[in-house]
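Basis for what follows: all heavy atoms, side chains included, without hydrogens, waters or symmetry-related copies. Sequence lines set the chain letters: A, B, ... in the order given, protein chains first and strands last, and positions in each chain run from 1.
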2 protein chains.
Amino acid sequence: MNQNFTNDIIDALSIDCLIFGFQDSKLEILLVKHAEGIIKGSWALPGGWVMYNENIDDAAYRILNELTGVHHLYLEQLHAFGDVERYPGKRVITIAYIALTKPENYQLIPGFTASDAKWVDVKKIRELPYDHKLILNAGLENLKRKVRYEPIGFNLLPEKFTLLQLQELYEAILDIKLDKPNFRRKIMNMNLLISCNEKQKGVSHRAAKLYRFDKEVYDNLTKKGFNFEL
Amino acid sequence: MNQNFTNDIIDALSIDCLIFGFQDSKLEILLVKHAEGIIKGSWALPGGWVMYNENIDDAAYRILNELTGVHHLYLEQLHAFGDVERYPGKRVITIAYIALTKPENYQLIPGFTASDAKWVDVKKIRELPYDHKLILNAGLENLKRKVRYEPIGFNLLPEKFTLLQLQELYEAILDIKLDKPNFRRKIMNMNLLISCNEKQKGVSHRAAKLYRFDKEVYDNLTKKGFNFEL
DNA sequence: GATCTTGTTGTCAAATTGACTATAAGGTAG
DNA sequence: CTACCTTATAGTCAATTTGACAACAAGATC
């Protein structure tokens, strides 16, 4: 009883993963190169079939890991996409999952139906197969909304980071410029950051203080929500 | 080619609808009594199978209408529920949809697999079959989050309403008490309401002014979002 | 006409915001 | 070694928004 939805009962349910990373002040997503199937050779979101005896959340973790080697991150369901003609020839409904993570934490290991995997700057993506561009846009919208009422950054930034890095993360997601002193004031008033009493190294200008998130405050704000008008 | 996902290829994809209404200052949802199947006689969310050649969004409208007679409302996808054991005996994934509407606009007409339909006070619901209680809770959380960054009320309140009615709607959804003068000030500053230059009738106290939503401002705020800390 | 209920307006101190200015702390180029 | 980059960080200030109320208004009912 480990049949795939592909084979026996269903050919209709898949998962696609939208994994966001933040590198060099840019927002990126993880793509894989398909090693087989109707879009062999194309770069697309990591995705695959849900198995018959597998919770969909579990399927998302398994699929992502099989295709890219990425593991241990917090995947959240984004949306189900189920238009009749979204997949050529068959009726396939897909459930998209979204996660935020640190690219530098992983060595990408393509596997299963993926011959390669890489991080791509979100702004440079023009098209994607199937309705994956639609899924990406939905994910970006979701992120933009989320940053306004939940803290983010914990999964995207290194353990120790500067205020400017955090600001640039917000700027990349919201696609706007922010005022530095005001951003600093607002974020500091939330009591979310703890100073590491350390400074940045290897920069050719005044080094900034390093901060880390206060896990307790962070989780609390994630649950209760807050407001971050910018 | 009008096969059901139930019969031929899939027995796995269903839709469940969470329809919220607001009546007598109370938040309610629409339930149907199952006329057949394994939970015959029980009250549950209106739901059914997605057909092979049908977009999932379309399926949601069709199913809701077939079961309850309710039509012409704005259904939005909430979440897909796909735990292996959520449905007895079979592997069924369901996609939940959510909508806000005015109960008094409809005469409920149970049909298809529903022998009856009614509105039920959300606070009085103790249990529901399958994982429908889980779905209801997810919907309530979604609503609580939504009212903080989007205007609501347009679909839930009568065309003309008093400020107190609007406030009670927020109170019902958020399950908190609000300060009347401050609520009034905050909502009025949004330029969202237009005075009807009319007064409430048939109340045994001072009659309140009636307002209606400014559709243009409303739609604009829905798109751009705003902040309503309360 | 007193009183009850809800509507509506107003007050005020405290907190927050947005738009800045000013100063500090490095590194680097001449 | 000094002038001058660049970025960090602190602070100012008027305008706006908030939260917590008080006060008054308008009917209906006792």
Should [X] be listed as having a side-chain N or O under 4.0 Å from OP1 or OP2 of [N]?
X      : N      : value
B/K180 : C/dG7  : yes
A/K199 : C/dG26 : yes
A/R206 : D/dT6  : no

Any donor-acceptor pair under 3.5 Å linking the side chain of B/Q77 with the backbone of B/I95?
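No, because the side chain of B/Q77 does not come within donor-acceptor range (under 3.5 Å) of the backbone of B/I95.
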Output field: ring centroids B/F213/B/F161 closer than 6.0 Å:
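Yes - the distance between ring centres of B/F213 and B/F161 falls below the 6.0 Å cut-off.
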Before we go on, tell me: are the rings of B/F81 and B/Y130 under 6.0 Å apart, centre to centre?
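When the ring centroids of B/F81 and B/Y130 are compared, they turn out to be at least 6.0 Å apart.
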Nearest whole angstrom, please: distance from the [atom2] of [N] to the [atom1] of [X].
X      : N      : atom1 : atom2 : value
B/K209 : D/dA25 : NZ    : C1'   : 12 Å
B/H205 : C/dA2  : NE2   : C1'   : 19 Å
A/N182 : D/dC13 : CG    : P     : 16 Å
A/Q200 : C/dG26 : CD    : C1'   : 11 Å
A/M188 : C/dT17 : CE    : P     : 15 Å

[X] side-chain proximity, nearest of [options]:
X      : options                : answer
B/A208 : D/dT18, C/dG7, C/dG27  : C/dG7
A/R185 : C/dC12, C/dT9, D/dT12  : D/dT12
A/L163 : D/dT9, C/dA19, C/dT9   : D/dT9
B/K186 : D/dA10, D/dT18, C/dA19 : D/dT18

Sugar-phosphate, base or nothing in reach of A/K201, heavy atoms under 4.0 Å
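A/K201: no heavy atom of the nucleic acid under 4.0 Å.
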Indicate, with a heavy-atom threshold strictly under 4.0 Å, whether B/D179 touches base, sugar-phosphate, or nothing.
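Base, at least one base heavy atom under 4.0 Å.
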Are B/R185 and B/N182 close enough that a side-chain donor and a side-chain acceptor fall under 3.5 Å?
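Indeed, the side chains of B/R185 and B/N182 share at least one donor-acceptor pair under 3.5 Å.
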To the nearest 0.5 Å, how far apart are CG in A/L31 and CG in A/L18?
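Rounded to the nearest 0.5 Å, the CG-CG separation comes out at 9.0 Å.
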